[in-house]
Asks: 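So that we are looking at the same thing, I have put the structure below in structure tokens.
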Amino acid sequence: MTDTIPSDDLFFAGTGLERAAAVQLTEDALVNSDDGELFLEYCQSENLVFDDGQLRTASFDVNQGFGLRSVCEETSAYAHSAELSRAALARAADTVRSIQSGTGSVSGEPPRTNISLYSADNPVQAMAFEDKVRLLQEVDQFTRNLDDRIRQVTVSMSGQWQAVDIVRPSGHTFSDRRPLIRFSVAVVTGQGEKRGSGSHGMGGRTGYADFVGPDSWQDAAREALRQSLVSLDAEDAPAGEMDVVLGPGWPGILLHEAIGHGLEGDFNRKKTSAFAGLMGKRVASPGVTIVDDGTLHDRRGSLSIDDEGTPAQKTTLIEDGILVGYMQDRMNARLMGESSTGNGRRQSYAHHPMPRMTNTVMMNGNDKPQDIISSVKSGLYAVSFGGGQVDITSGKFVFSCTEAYRIEDGKLGAPVKGATLIGNGPDALTRISMIGDDMQLDPGIGTCGKDGQGVPVGVGQPSVRLDRITVGGTAA
């Protein structure tokens, strides 16, 4: 079913708040501000988890509310409420006026766009609940029959439909309707005392239909099993300084965390990023080009407009090893004498916007993936990563490998477990010596955290060789 609720009805019918009143209160509240907006949100979300042969979780939520922000110089006041009423908005307006000492000359309006990067259809409403449960049960039974070493199967699906209206001080409204889904299969295998685990997820800004066909979910089940069996047979990882090859696609999460956050405007304006003051300088090996692209159709991190109303862009951050750009929201861009790059994002109406990544990707090089592996005498091939920690100021990172293999004499060897990559983001960029021609995007599963806010993101990269990276291992 397609959600066709008109914007006025969605946010104003039956709420006691009229659009004209909302616009006037916003204009009055921000009259002495340098910038600001009224952010209106309505969101439906669901989550279903089928675990150990039973439906363990089935949730459905509806959230709505507003956030009103006033920006003066580098200070912002933010008030939000789940109550859509004139009285609630008037109270919020009184709150945000408390900081006003700006010029009263509001920053220019975001440019208009009629480009939509995804359908406005509501995935939560498009499939009956009973059909979702039957699908999860079918996936569970299929997966369990793949191998007699399977001990546990978890199948989950989640969907969201977020409607956003952004009212600017001029009275202009910028609107977006955002679908988001994710489907995943996780498998635990066992043999004797050994246990292995694997998972495969997929998703994007689209409907379930693109991912719940038998060909798609059966491939996901087989991939989760493959990973689990690799983990089951893995030996302890070696430790020390060695050459490391990163596989294509999801390993871009290391790029996202260790490098991407350091290229966000707020950290650089405050000079707390390891990249602060390096614009126009070489920060990576020749051939390294990194972009943040929010314009990719149906991708998890994409946005037709960001949460300040600015259209998404493809922003080049590093070009042939030279730092050429930062990701900007409106406030940090204004304070740095730049323009917003469409990276102003927030988790919900209860959160203020800040510069965040969308889909952060390292572009292709000219090397063949097999040539990259063949070039390594002894090292590690990292296919997938789990959790990690990064210090934005220093750039230091630690990442855990969830699937990795030894490289011996230019050939892939045994799978290993317990490997961690330890290094420094800016330093790692200079250790890239080969870049593959096999760039892939991740399957659509990433969520990025910053200052307590989570937003959906995408990553991607080709195969990459890093020279002499510290690897933490578990081998004696």
Side-chain angles (χ1 to χ4, degrees), residues 1-3 5 10-11 14-15 39-67 80-84 118-144 152-164 176-188 197 199-213 216-217 220-221 224 300-301 307 345-351 387 443-449 452-457:
M1 181 175 70
T2 300
D3 197 308
I5 303 173
L10 186 61
F11 291 110
T15 65
F39 182 87
L40 297 157
E41 179 189 16
Y42 172 88
C43 185
Q44 292 183 4
S45 60
E46 66 176 355
N47 183 46
L48 290 84
V49 179
F50 206 88
D51 182 56
D52 202 21
Q54 299 181 54
L55 183 64
R56 298 287 186 181
T57 300
S59 64
F60 174 79
D61 294 296
V62 175
N63 291 295
Q64 66 177 2
F66 72 84
H80 64 87
S81 175
E83 178 188 337
L84 287 175
Y118 30 77
S119 168
D121 292 355
N122 185 345
V124 177
Q125 300 282 341
M127 187 176 180
F129 175 77
E130 295 79 5
D131 293 335
K132 296 169 187 172
V133 174
R134 279 194 292 269
L135 171 65
L136 295 178
Q137 186 174 28
E138 184 180 359
V139 176
D140 174 81
Q141 292 175 346
F142 173 85
T143 307
R144 289 177 180 279
Q152 183 175 2
V153 174
T154 303
V155 188
S156 63
M157 61 192 301
S158 60
Q160 177 179 293
W161 188 74
Q162 181 194 39
V164 166
D176 200 13
R177 304 294 180 258
R178 303 167 178 167
L180 186 68
I181 67 101
R182 178 171 171 170
F183 185 91
S184 65
V185 183
V187 173
V188 175
S197 61
S199 64
H200 185 71
M202 48 197 177
R205 292 201 179 278
T206 182
Y208 288 123
D210 291 339
F211 296 97
V212 299
S216 182
W217 63 253
R300 182 173 173 85
D307 293 324
R345 306 190 63 188
R346 65 184 98 197
Q347 179 175 314
S348 75
Y349 71 86
H351 302 83
I445 59 175
T447 297
C448 172
Q453 295 190 41
V455 296
V457 295

Asks: Heavy-atom distance under 4.5 Å between the side chains of Val62 and Gln44, does that happen here?
Replies: yes

Asks: Out of Ser158, Ser156, Ser199, which residue meets the side chain to side chain donor-acceptor pair (under 3.5 Å) rule with Ser184?
Replies: Ser156

Asks: For a quick test of reading the model, state the closest non-hydrogen atom pair linking Val124 to Gln160 and the distance between them.
Replies: CG2-N, 3.8 Å

Asks: How close do Met202 and Ser216 get, heavy atom to heavy atom, and via which atoms?
Replies: CE-OG, 3.3 Å

Asks: For Leu55 and Phe129, which heavy atoms make the closest approach, and how far apart are they?
Replies: CD2-CZ, 4.3 Å

Asks: Counting C-beta onward and ignoring hydrogens, is there a side-chain heavy-atom pair between Pro456 and Arg205 closer than 4.5 Å?
Replies: yes

Asks: Starting at CZ of Phe183, measure out to CG of Leu48 and round the result to the nearest 0.5 Å.
Replies: 10.5 Å

Asks: Are the side chains of Gln162 and Leu180 in contact, using a 4.5 Å heavy-atom criterion?
Replies: no

Asks: Quick one: does any side-chain atom of Arg300 pair with a main-chain N or O of Gly446 as donor and acceptor, under 3.5 Å?
Replies: yes

Asks: Can you find a pair of side-chain heavy atoms, one from Tyr118 and one from Asp176, that are under 4.5 Å apart?
Replies: yes

Asks: Considering only heavy atoms from C-beta outward, does the side chain of Phe211 approach that of Ile181 to under 4.5 Å?
Replies: yes

Asks: So how far is it from Asp61 CG to Ser45 OG, rounded to the nearest 0.5 Å?
Replies: 4.5 Å

Asks: How many angstroms lie between atom CG of Asn47 and atom CZ of Arg182, to the nearest 0.5 angstrom?
Replies: 10.0 Å

Asks: Please answer whether the main-chain N or O of Gly454 pairs with a side-chain N or O of Gln347 as donor and acceptor at a distance below 3.5 Å.
Replies: yes

Asks: Between Tyr208 and Gly159, is there a donor-acceptor pair closer than 3.5 Å when you use the side chain of the first and the backbone of the second?
Replies: yes

Asks: Once you round to the nearest 0.5 Å, how far does CD of Gln453 lie from OG of Ser348?
Replies: 7.5 Å

Asks: Heavy-atom distance under 4.5 Å between the side chains of Met127 and Leu135, does that happen here?
Replies: yes

Asks: Under 3.5 Å, side chain of Trp161 to main-chain N/O of Tyr42, donor-acceptor pair present?
Replies: no

Asks: For residues Arg345 and Val457, determine if any side-chain heavy atom of one lies less than 4.5 Å from a side-chain heavy atom of the other.
Replies: yes

Asks: What verdict does the side-chain contact (heavy atoms from CB on, under 4.5 Å) test give for Leu40 and Leu84, after you've listed the backbone C-alpha separation in whole Å, the side-chain angles of each residue and the deciding distance to 0.1 Å?
Replies: CA-CA 9 Å; Leu40 297 157; Leu84 287 175; 3.8 Å; yes

Asks: State, yes or no, whether a side-chain contact exists between Thr143 and Trp217 at a heavy-atom distance under 4.5 Å.
Replies: no

Asks: For Tyr349, does its backbone N or O pair with a side-chain atom of Glu41 as donor and acceptor, under 3.5 Å?
Replies: yes

Asks: To the closest 0.5 Å, what do you measure between CD (Gln64) and CZ (Phe11)?
Replies: 8.0 Å

Asks: Checking side-chain hydrogen bond (donor to acceptor under 3.5 Å, both in side chains) for the pair Thr154/Asp51: CA distance, chi angles, key distance, verdict?
Replies: CA-CA 4 Å; Thr154 303; Asp51 182 56; 2.5 Å; yes

Asks: Of the non-hydrogen atoms in Asp121 and Ser119, which two are nearest, and what is the gap between them?
Replies: N-OG, 3.0 Å

